[in-house]
Amino acid sequence: MKMFKIGCHLSASKGYADMAEVSHKIGANTFQFFTRNPRGGKAKDINEDDIKKFHEKAKEYGIEVILAHAPYTLNCASKDENIRKFAKETMADDLKRMEYTPNNLYNFHPGSHVGQGKEIGIKYIIEILNEVITEEQTTIVLLETMAGKGSEIGRNFEELKQIIDGVKLKDKIGVCLDTCHVNDAGYDIINNLDGVLEEFDKIIGLDKLKAIHINDSKNPIGAHKDRHEKIGEGTIGIKSFERIINHPKLCNIPFFLETPNELEGYQKEIEILRNLYKN
Ligand code: FE
Ligand code: FE
Ligand code: ZN
């Protein structure tokens with residue numbers, strides 16, 4: 001059965017139950033949030049009462065899945081050992097906390113190799129993943145598709161596949177596709193969505209695709225820029241998003257709006273997308 005899972009990026013400052021409540025109010029049935037300050041500070045302590053309330057609300061509002069986002073400042077591919085160590089410890093701590101809300105998704109930016117080459121960068125990312133992912137965890141860790149600015153790793157499906165190939169616990173790793181990023185990376189989701197998905201399937205496998213960041217782009221295909229735009233106001237355009245949310249291979253995957261917006265703005269975007277979703 002088709003079920004439109006749509007949500008947006010929310011502030012986690014008031015806790016999980018609040019995010020469930022806000023989501024429901026704006027017509028969403030899922031949400032994304034930063035596990036801690038994006039600059040990578042200490043995470044707030046888990047409040048068990050908040051978690052309990054969250055589970056009640058999630059049940060009531062039909063929230064089946066949520067997506068946690070690691071601080072975007074982490075760099076698992078850094079040549080600096082201390083930076084990698086910090087990324088590893090942060091991710092390990094995040095994954096422990098994720099088990100308070102089991103069976104959900106944890107997304108991170110693979111990292112930038114900044115000079116020492118992508119092969120070494122990819123090796124470092126794999127090392128960290130194999131250290132932080134545990135057999136017992138119920139969370140699936142997602143590699144985000146990147147726009148390929150600077151020395152970003154994850155600019156194409158081959159690089160993501162190379163990382164996945166190195167991860168031992170294969171059922172705990174997946175991919176989050178960011179529409180702005182893949183456009184900027186050079187994948188033509190505007191004119192050739194089927195072709196892009198076929199390529200994804202051939203290289204990575206569509207069974208690994210667990211979440212979609214639905215962002216328009218300020219830049220044309222292949223710009224390697226990563227500048228998000230509100231839905232329908234960028235170069236990707238509303239027609240493309242209509243095809244994306246209704247594509248038979250994508251329509252059951254959760255979608256997350258993450259281009260900064262006011263809550264009312266997100267609410268409107270969600271309504272527009274809901275009206276375009278064909279049941
Ligand atoms: Fe991201
Ligand atoms: Fe994203
Ligand atoms: Zn981005």
Side-chain angles (χ1 to χ4, degrees), residues 5-12 19 28 30-40 65-77 87 90-91 94-95 98 104-112 125 128-129 139-157 159-160 163 173-187 189 196 200 204 208-231 233-236 240-241 244-245 250 253-261 265-266 269-270 273:
K5 298 184 204 72
I6 178 77
C8 64
H9 188 92
L10 293 177
S11 159
M19 290 189 282
T30 181
F31 56 86
Q32 174 178 269
F33 62 102
F34 285 126
T35 53
R36 62 190 70 215
N37 185 301
R39 296 255 147 243
V65 65
I66 57 174
L67 174 59
H69 196 308
Y72 48 75
T73 45
L74 298 187
N75 188 4
C76 294
T90 301
M91 288 173 77
D94 281 350
L95 286 174
M98 289 289 293
N104 282 304
L105 306 167
Y106 178 70
N107 174 62
F108 79 111
H109 296 179
S112 296
I125 296 165
I128 289 180
L129 286 171
T139 304
I140 300 182
V141 177
L142 307 183
L143 302 157
E144 182 164 353
T145 61
M146 301 312 289
K149 64 176 181 323
S151 62
E152 261 173 7
I153 292 172
R155 62 179 64 222
N156 57 44
F157 301 157
E159 289 182 5
L160 297 176
I163 298 169
I173 186 92
V175 172
C176 172
L177 184 143
D178 186 307
T179 54
C180 167
H181 297 176
V182 292
N183 171 79
D184 287 21
Y187 291 99
I189 54 171
V196 173
F200 189 103
I204 300 175
K208 283 277 175 246
L209 183 55
K210 305 293 186 192
I212 296 181
H213 282 166
I214 183 165
N215 302 305
D216 216 325
S217 174
K218 285 195 195 297
N219 289 288
I221 178 171
H224 298 295
K225 287 277 202 241
D226 189 4
R227 297 202 50 214
H228 298 188
E229 184 53 279
K230 290 176 186 149
I231 292 299
E233 295 182 21
T235 57
I236 299 176
S240 304
F241 291 112
I244 288 166
I245 59 174
L250 307 179
I253 297 173
F255 296 92
F256 301 89
L257 299 158
E258 58 167 12
T259 303
N261 208 335
Y266 277 138
E269 290 184 321
I270 289 166
L273 292 169

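Ligands are counted one by one from 1 in listed order, and the atoms in each one are counted from 1 as well.
When you scan the N, O or S atoms of His228 for the one nearest the Zn ion (ligand 3), you land on NE2. Within Glu258, the N/O/S atom positioned nearest the Fe ion (ligand 2) carries the name OE2. Counting just the N/O/S atoms of His109, the one with the shortest distance to the Fe ion (ligand 1) is named NE2. For His213, the N, O or S atom with the smallest separation from the Fe ion (ligand 2) is ND1. The atom name of the N/O/S atom in Glu144 closest to the Fe ion (ligand 1) is OE1. Nearest N, O or S atom of Asp178 to the Fe ion (ligand 2): atom OD2.
In this structure, Phe34 and His69 have perpendicular ring planes: the angle between them is above 60°, well past the 30° mark. Between Phe157 and Tyr187, the two ring planes are parallel [angle under 30°; tilted spans 30° to 60°].
The pair Asp184-Arg227 does not count as a salt bridge, with every side-chain nitrogen at least 4.0 angstrom from each carboxylate oxygen. In summary, Arg155 and Glu152 do not engage in a salt bridge, as defined by a charged side-chain N under 4.0 Å from a carboxylate O.
Rounding to 10 degrees, one finds that the Zn ion (ligand 3) sits at the corner of an angle of 90° between His181 NE2 and Asp226 OD1.
In this model, no donor atom of one side chain and acceptor atom of the other lie less than 3.5 Å apart for His224 and His181. No side-chain donor from either of Thr179 and Asn215 sits under 3.5 Å from a side-chain acceptor of the other.
Among the atoms of His213, no N, O or S atom is found under 2.8 Å from the Zn ion (ligand 3).
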